[in-house]
J.: 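Quick one: the structure is below, questions incoming.
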Protein chains: 2
Amino acid sequence: MVAVKRNTWQREAVREALDSRDGFVSAQGLHQGLRDAGSPIGLATVYRALADLATVGEADSLQSPEGESLYRACATTGHHHHLICRSCGLTVEIEATEVEQWAKRTASDHGFTEAQHIVDIFGLCHQCASAKA
Amino acid sequence: MVAVKRNTWQREAVREALDSRDGFVSAQGLHQGLRDAGSPIGLATVYRALADLATVGEADSLQSPEGESLYRACATTGHHHHLICRSCGLTVEIEATEVEQWAKRTASDHGFTEAQHIVDIFGLCHQCASAKA
DNA sequence: GTCGAATTGATAACCGTTATCATTACGAGT
DNA sequence: ACTCGTAATGATAACGGTTATCAATTCGAC
């Protein structure tokens, strides 16, 4: 029998919790939020759900400078990058065909294959920049 | 008395071991290499030395997709990016004016300031790709 | 050479993540 | 609606990388 994806309330809860966030969240942070909201969901399940969402492409993941994996529900289904406010976490999804091609070309120029790239921009969004001034 | 940096053979050993490598190495990998070379240096010390080198700017550090911290003594002192073999660690330093401008433009297009970007490409170098086949 | 303080290193503690495995419950088929 | 096989769950153990601990060491100023 072929593996069938089941719809569990837990999976849905994770998806919704992720959607309700504006920026990137850690698995543990999301779990904590769900527990605080009264859900008895398990930590392992949150990790699994997030991994699944990331695999399917419904969520994007990246690593914080501290080494944690952060997740986010991305509107764009295709491959894209992020522009992240390092102060408030506001995230903008970015299309970068230009960079995509550059990465691929650069890799093959040097004989590299199976190239994947990490491209993210961290900065201060307009609001945070103003608030800071 | 103010804190004084001491010159220990261990610190020097780490610096040299890092210089002798072509690509990024994990702290554990470097430690292993030193032990294999006969040095009785401790793992904790390697971590400390690498952290120091990174702080001073004598070493570049980045995180592998798997979450490990990798270190490298870079030839270029200025801003540059990396093309890294995820199998052997071979690293090519990359100038990417193209991407540099794209990043700056993208950030300002969205009202972001003080933008810094993380741009690295991971792949399999020609040798590792062949060895794998 | 002395001596105080920085450094070392073996190991324990940490932290995030993944694996384990008995239990639960989804949902296709009847 | 009821069964039943199996995927999913969740408490917890295991895991891997990194950091903290702390007694022993050793650098280097005097």
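This one's a predicted model, so the numbers in the text were calculated from it and none came from an experiment. Residue numbering restarts at 1 for every chain, and letters A, B, ... go by the order of the sequence lines. Below, all heavy atoms of this structure are taken into account, side chains as well, without hydrogens, waters or symmetry copies.
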J.: For A/His117, check side chain to side chain donor-acceptor pair (under 3.5 Å) against everything at least two apart and list the hits.
T.: A/His79, A/His81, A/Glu100
J.: Side chains of B/Leu43 and B/Arg35: closer than 4.5 Å at any heavy-atom pair?
T.: no
J.: What is the bend of the helix from C/dG1-D/dC30 to C/dT30-D/dA1 when you compare the axis at one end with the axis at the other, using five pairs each and rounding to 10°?
T.: 30°
J.: If you link ILVMFWY side chains whenever their heavy atoms are less than 4.5 Å apart, which other residues fall into the same cluster as B/Val56? By chain and number, please.
T.: none
J.: Please identify each residue that fulfils salt bridge (Lys or Arg N to Asp or Glu O under 4.0 Å) with A/Glu16, with sequence neighbours left out.
T.: none
J.: Just so I know, are the side chains of B/His31 and B/Ile41 near enough to count as touching, which here means a heavy-atom distance under 4.5 Å?
T.: yes
J.: May I ask you to say what A/Thr45 touches in the nucleic acid, namely base, sugar-phosphate or nothing, with a heavy-atom cut-off under 4.0 Å?
T.: base
J.: Using a 4.0 Å cut-off on protein heavy atoms (strictly under), produce a 5'-to-3' string for nucleotides 18-25 of chain C with B for base contact, S for backbone-only sugar-phosphate contact, and - for none.
T.: BBB----B
J.: Just to be sure I understand the geometry, which residues of residues 55-69 of chain B put a non-hydrogen atom under 4.0 Å away from DNA chain D?
T.: B/Glu68, B/Ser69
J.: Name all residues meeting the ring pair (Phe, Tyr, Trp, His ring centres under 6.0 Å) criterion together with B/Phe24; count only those two or more places apart in sequence or in a different chain, and write none if there are none.
T.: B/His82
J.: According to the salt bridge (charged side-chain N to carboxylate O under 4.0 Å, His left out) rule, which pairs have a member within residues 42-62 of chain A, sequence neighbours left out?
T.: A/Lys5-A/Asp52, A/Arg11-A/Asp52, A/Arg15-A/Glu58
J.: Scan for salt bridge (charged side-chain N to carboxylate O under 4.0 Å, His left out) pairs involving residues 62-75 of chain B, sequence neighbours excluded, and state none if there are none.
T.: B/Arg72-B/Glu93
J.: Could you identify which residues cluster with A/Val119, counting Ile, Leu, Val, Met, Phe, Trp and Tyr as linked when any side-chain heavy atoms lie under 4.5 Å apart, either directly or through a chain of such contacts?
T.: A/Leu83, A/Leu90, A/Val92, A/Ile94, A/Val99, A/Trp102, A/Phe112, A/Ile121, B/Leu83, B/Leu90, B/Val92, B/Ile94, B/Val99, B/Trp102, B/Phe112, B/Val119, B/Ile121
J.: Does anything in residues 40-68 of chain B pair up under ring pair (Phe, Tyr, Trp, His ring centres under 6.0 Å), and if so which pairs, sequence neighbours excluded?
T.: none
J.: Do any of residues 13-37 of chain B sit with a heavy atom less than 4.0 Å from DNA chain D, and if so which?
T.: B/Gln28
J.: Side-chain N or O of A/Arg11 versus OP1/OP2 of D/dT9: is the shortest distance under 4.0 Å?
T.: yes
